[in-house]
Amino acid sequence: MYKIYLGDTGTGKSTILKEKYQTIAQANLSEKILFFLKSAKAVNAYREELDLDLLGNLNIYTYFGFVNQELNKNWPAVERKYSGENKVVEATFMNIETSHFLMSNYVAKYRQEKSYFREIKAKPVQIAVQLIDNLNLAAFNRLEFDQLKKRLFLWTNDDAKRREYAEQSVEIMAKFRDFCLRYRLLDYSAAVSIFNQYLLTDPKYLDNLNSRFDYLLVDDLEKLIPAGQKLIKKLSAENIEAYFAFNQSGGFNRFFGGNPAAAKKMFFPDAQEIIKLEKSYTSAEESSRLAENIKSVVKKREGKLIQSPLLKAEIDSELRGEMLIEVGQKIISLLKNGAAESSIAVISPQIDKVLSFSLERILEKNGYNLSNFNRSKRLVDIPFARALLILYLFYSDKTEMIGVSSLQQSLSLLLELDPLRSYILAEEIAAAGMSFIELEENKLRLKINFAAAEKYDYLKAWLEDKKSEELTIDSFFQAVFSELLAPLNPSQEDIFACRQMIESVARFRSAVENFHKRKEDLSSRYIDMIYEGTLAAETLFKGQSEDKGVILASPYKFLFSPELEGVEHLFLLDISSSHWLRSIAKELVNPYIYSEGWQEEQEWNDKVDQNIRLKQLSDFLVSLVYKVNDSIYIADSFFNSSGREQDGPLYRWLDVRGD
């Protein structure tokens with residue numbers, strides 16, 4: 001049997017579960033407890049926070065982490081069910097880089113040979129993301145490939161061009177899936193599908209699984225994908241003591257895989273007890289009333305002057321630049337009156353360069369910092385990771401990819417040089433065709449100083465020596481880090497970046513080299529993906545904490561960051577921007593059509609799309625309100641950064657200007 005802790009954001013549900021885990025683990029050791037959290041970042045954070053006298057195995061996972069582990073441990077049984085024999089000893093679990101590489105290769109091939117997606121102005125890697133999303137969303141909602149195909153075609157509403165793109169998408173996705181299953185390469189979607197089809201239907205496996213755990217804890221039950229809900233329901237039906245947390249105002253993830261309505265329907269009727277938590281620790285007493293008013297206004301699409309003690313002021317300007325200056329001045333005033341930097345959040349539906357640069361400049365001028373949660377930190381932006389890449393390009397004679405600026409920064413790090421001397425050296429190396437030169441030329445030894453020159457000579461000799469060893473890319477990275485970078489006192493971020501990159505490229509090479517004909521192309525493709533700034537580069541940093549400072553984020557990024565329990569002051573920017581009502585559908589993927597709420601006979605039209613946008617907006621705004629404990633400031637401008645008039649309807653519904 002199970003109990004459910006029910007409440008709004010900030011009512012202490014997660015804290016109760018964590019305290020319960022601590023108590024049970026202290027008394028019974030941790031091996032008998034299975035604990036599901038919503039993200040890898042939350043898992044990492046909680047593992048680090050644990051304080052136990054006796055520590056056994058920590059069975060704390062995301063749903064996907066648990067699925068991968070179970071398939072890995074039980075693969076022989078899965079293989080016999082799948083192929084009828086012990087054909088493969090173990091499957092290969094693809095990281096995002098590998099699945100990205102495979103799918104983008106298929107897209108590029110079909111574009112070149114068959115002119116697919118001709119009018120879609122996107123790179124193969126960007127199209128690949130949408131196709132992978134289709135496969136993931138179908139698997140998360142327990143849909144077979146035939147059902148994916150059917151729903152994708154229904155979404156087109158018989159539009160000839162969209163139907164053509166859907167058919168092309170299905171063809172490529174089918175090729176990708178068949179290839180992955182043939183080589184036992186499992187991405188997220190394949191892993192979830194195989195787990196549910198071959199393990200979760202196996203009585204012997206279920207008996208073994210039930211015997212391993214006496215306790216089951218699930219945080220953010222409403223955000224769990226339907227496939228995860230199925231697993232939890234099976235486990236909770238057995239002789240297990242279970243505790244779940246359900247956020248009744250946390251529906252903002254519904255169109256990205258979560259399904260609060262399905263979770264409520266599945267778990268509430270059979271609950272032993274539903275414990276409702278009223279007191280909020282992250283929001284003001286007025287939050288509930290304000291949230292209900294916002295729901296009503298957005299639902300009716302009618303302007304209404306919303307009054308609340310939480311709404312402290314409106315900042316309204318004709319030009320966006322003026323609005324940002326006023327917002328910055330108000331933030332500085334709060335900081336100088338004692339507010340902590342991390343207690344202030346600035347939320348906008350689109351974090352553009354003008355917004356981030358303006359706020360950063362205002363804050364830095366006054367001695368404060370900005371923490372941009374939406375900034376995509378690429379590998380090449382991390383000094384030690386950049387040095388790994390630069391040295392590998394020299395090692396593999398692919399120096400045409402190296403820019404003078406990147407080389408200069410890496411030389412500053414490796415030789416412990418100031419920027420001026422490292423720039424002089426980088427310029428000379430570039431002038432020589434990006435090859436390490438002799439320092440006697442142009443009196444460089446004197447110009448960069450003798451200590452740096454000795455380090456340069458060592459680095460040059462080290463690279464020449466490594467070229468004779470024919471190292472794989474991951475082995476080379478490992479050698480660079482241990483022999484050259486580790487002695488330079490790297491920060492935790494640097495160590496994390498290098499470790500993740502070494503592990504990432506090793507897994508990438510292991511997964512792909514079995515079927516990739518030209519192994520020398522493999523490292524080039526990986527480096528290309530890093531320099532392109534694709535998802536493959538950005539996802540390596542999911543475990544690191546954000547820098548301290550005034551928070552700048554989009555609604556989704558802010559709400560889905562587990563380290564942000566709440567703030568004192570919230571600024572809602574660009575209220576008249578149409579981006580607050582952005583559609584969840586893209587050219588080739590629509591998350592909603594895979595959800596339980598989509599009816600196959602339902603036509604996708606503007607009315608359906610608008611209703612979904614409104615629901616998402618309401619969820620965002622309500623969830624944000626429950627994250628604020630003191631004050632909300634609404635800011636807007638008549639023109640956006642491009643000088644165009646903003647015409648989004650939210651400012652009329654909330655009567656921001658009082659018109």
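What you see is a predicted model; the values in this text were computed from it and never measured.
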Between the side chain of Ser422 and the main-chain N/O of Pro419, is any donor-acceptor distance below 3.5 Å?
yes
Keeping Arg47 on the side-chain end and Asn44 on the backbone end, is there a donor-acceptor pair under 3.5 Å?
no
Between [Y] and [X], is there a side-chain heavy-atom distance shorter than 4.5 Å?
X      : Y      : result
Phe558 : Val346 : no
Glu341 : Asn369 : yes
Phe620 : Pro349 : no

Mind telling me whether [Y] and [X] have parallel, tilted or perpendicular rings, with 30° and 60° as the class edges?
X      : Y      : answer
Phe571 : Tyr633 : parallel
Tyr110 : Tyr116 : tilted
Phe476 : Tyr395 : parallel

Shortest non-hydrogen contact between Phe384 and Leu485, atoms and distance:
CE2-O, 3.4 Å
Could you give the distance from CG (Leu588) to CD (Gln126), rounded to the nearest 0.5 Å?
11.5 Å
Nearest 0.5 Å, please: how far is CZ in Arg386 from CG in Leu391?
12.0 Å
Compute the ring centroids of Phe436 and Tyr456, then answer whether they are less than 6.0 Å apart.
yes
So, Phe477 versus Phe481, ring centres under 6.0 angstrom or not?
no
Quick note, side chain to side chain donor-acceptor pair (under 3.5 Å) partners involving residues 580-591, not counting sequence neighbours, are Gln130-Glu587, His579-Arg582, Ser583-Asp609
Under 4.0 Å between a side-chain nitrogen and a carboxylate oxygen: does that hold for [X] and [Y]?
X      : Y      : answer
Arg445 : Asp457 : yes
Arg421 : Glu416 : no
Lys466 : Glu469 : yes

Apply salt bridge (charged side-chain N to carboxylate O under 4.0 Å, His left out) to residues Glu326 and Lys330 and explain how you reach the verdict.
CA-CA 6 Å; Glu326 289 191 53; Lys330 184 60 186 176; over 6 Å; no
Return yes if a side-chain donor-acceptor contact under 3.5 Å exists between Gln69 and Tyr61, otherwise no.
yes
With Phe140, which of Tyr188, Phe64, Tyr63 fulfils ring-ring contact (aromatic ring centres under 6.0 Å, His included)?
Phe64
